[in-house]
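Read the structure below first, then the notes.
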Amino acid sequence: MKTEKEKMLAGEAYIAVGRKGEELFKERQFAKELLFQFNNLPPSEIRERNEILKKLLGKTGKNFYFEPPFRCDYGYNIEIGRNFYSNYNLTVLDCASVKIGDNVMLGPNVQLYTAGHPIHHEKRNELWEYAKPIKIGNNVWIGGNTVINPDVTIGDNVVIGAGSVVTRNIPANVIAFGNPCKVYREITEDDKKYFYKNSEFPTE
């Protein structure tokens, strides 16, 4: 017979509280203790904060930075690649896998939700829930106040506009925004040319 944790990780309906959810409750408490330490360290203690995150998260790549405060449920379901940056108030409900690629930037107040609850109130009142994974590709920039819902994949090289609510997969190499988030257009070489033309950066 599966434990509630095994059901959660398998994407099946499970209960996270009470006697049934005792194992999960203890793991959430452990994460909260580490997050309390992380969020209350002096700003200068960057190395100490990163060591806490290495204990908390499932995987960390080279060069990562989280602006405090940061919140998550379990931590061990979160994997981040190289050169990751998160601005203030990142919230990750990581009841399922959250995999983030290399060179990803998250604006302030970004929220990643793998958790879901039954539509019908009777089952919801029985405290059932479920979780579906989130995957974010390489070279992605997600604007502030964006919400990414369960079972969403965002492709490589994507820009998500601020304030978006992402409910469906977003293909690679596009700009997308809105509620619900929709593709606006593809990203092209013209975007690089425009950047050089309107900046002080060299073109060679």
Side-chain angles (χ1 to χ4, degrees), residues 5-14 16 24 28 31 35 53 56-61 64 66-67 69-120 123-124 128-187 191:
K5 179 178 179 178
E6 289 170 335
K7 294 176 188 175
M8 179 185 80
L9 297 177
E12 301 171 6
Y14 70 98
L24 293 174
R28 291 194 302 275
L35 288 166
L53 290 176
L56 176 66
L57 304 183
K59 179 182 177 183
T60 57
F64 61 91
F66 288 65
E67 295 281 5
F70 164 52
R71 297 282 188 273
C72 67
D73 277 335
Y74 299 97
Y76 55 71
N77 283 323
I78 302 171
E79 298 183 8
I80 59 172
R82 294 181 291 108
N83 304 321
F84 173 84
Y85 175 78
S86 165
N87 216 314
Y88 306 109
N89 296 315
L90 173 63
T91 298
V92 184
L93 304 187
D94 63 314
C95 308
S97 170
V98 176
K99 293 186 177 181
I100 299 174
D102 298 335
N103 306 309
V104 171
M105 298 169 56
L106 307 182
N109 303 308
V110 168
Q111 300 166 69
L112 310 180
Y113 300 154
T114 69
H117 301 274
I119 297 297
H120 197 281
K123 290 300 177 184
R124 194 166 62 245
W128 289 103
E129 56 185 90
Y130 63 91
K132 300 296 181 182
I134 290 172
K135 185 175 180 181
I136 299 172
N138 300 319
N139 312 313
V140 173
W141 174 23
I142 297 176
N145 293 297
T146 292
V147 175
I148 299 177
N149 282 280
D151 205 21
V152 163
T153 295
I154 296 175
D156 294 342
N157 312 316
V158 166
V159 175
I160 303 291
S164 296
V165 178
V166 188
T167 59
R168 296 182 180 180
N169 294 346
I170 303 295
N173 303 304
V174 299
I175 298 171
F177 55 82
N179 181 7
C181 187
K182 296 180 180 179
V183 173
Y184 173 63
R185 67 169 174 86
E186 291 186 358
I187 296 172
D191 291 299

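The analysis underlying the following values was restricted to heavy atoms, covering all of them including side chains, and did not include hydrogens, waters or symmetry mates.
Looking at every heavy atom in both residues, L56 comes nearest to Y74 through CD1-O, 3.8 Å.
For T114 (side chain) and C95 (main-chain N/O), a donor-acceptor pair under 3.5 Å exists by modelled atom type. No side-chain donor-acceptor contact under 3.5 Å links N157 to the backbone of A172. Although no hydrogens or angles enter the test, the distance criterion places no donor-acceptor pair under 3.5 Å between the side chain of K59 and the main chain of G81. With hydrogens and angles ignored, the 3.5 Å screen pairs a side-chain donor or acceptor of D94 with a backbone N or O of G75. Side-chain N or O atoms of D102 include none that pairs as donor or acceptor with a backbone N or O of N138 at under 3.5 Å. Although no hydrogens or angles enter the test, the distance criterion places a donor-acceptor pair under 3.5 Å between the side chain of N169 and the main chain of T153.
Atoms CD1 and NZ, from I78 and K99 in turn, are 13.5 Å apart once rounded to the nearest 0.5 Å. The OG1 atom of T146 sits 10.5 Å away from the CG atom of N179 when rounded to the nearest 0.5 Å. The distance from atom CD1 of I160 to atom CZ of F177, rounded to the nearest 0.5 Å, is 10.5 Å. Taking CZ of R185 as the reference point, atom CD1 of I175 lies at 3.5 Å (rounded to 0.5 Å).
Atom NZ of K7 sits in a crowded spot, with more than 12 heavy atoms from other residues, nucleotides or ligands closer than 6.0 Å. Annotation: W128, atom CH2; neighbour count of heavy atoms from other residues, nucleotides and ligands within 6.0 Å is above 12. Under a cut-off of 6.0 angstrom, the local environment of CZ in R124 is crowded, with over 12 non-hydrogen atoms contributed by other residues, nucleotides or ligands. In the displayed structure, E186 atom CD is contacted under 6.0 Å by at most 12 heavy atoms of other residues, nucleotides or ligands.
Aromatic ring orientation, F66 versus F64: perpendicular (interplanar angle above 60°, classes split at 30° and 60°).
No hydrogens or angles considered: a donor-acceptor pair under 3.5 Å links the side chains of N89 and N109. Side-chain N/O atoms of Y14 and E129 include a donor and acceptor closer than 3.5 Å.
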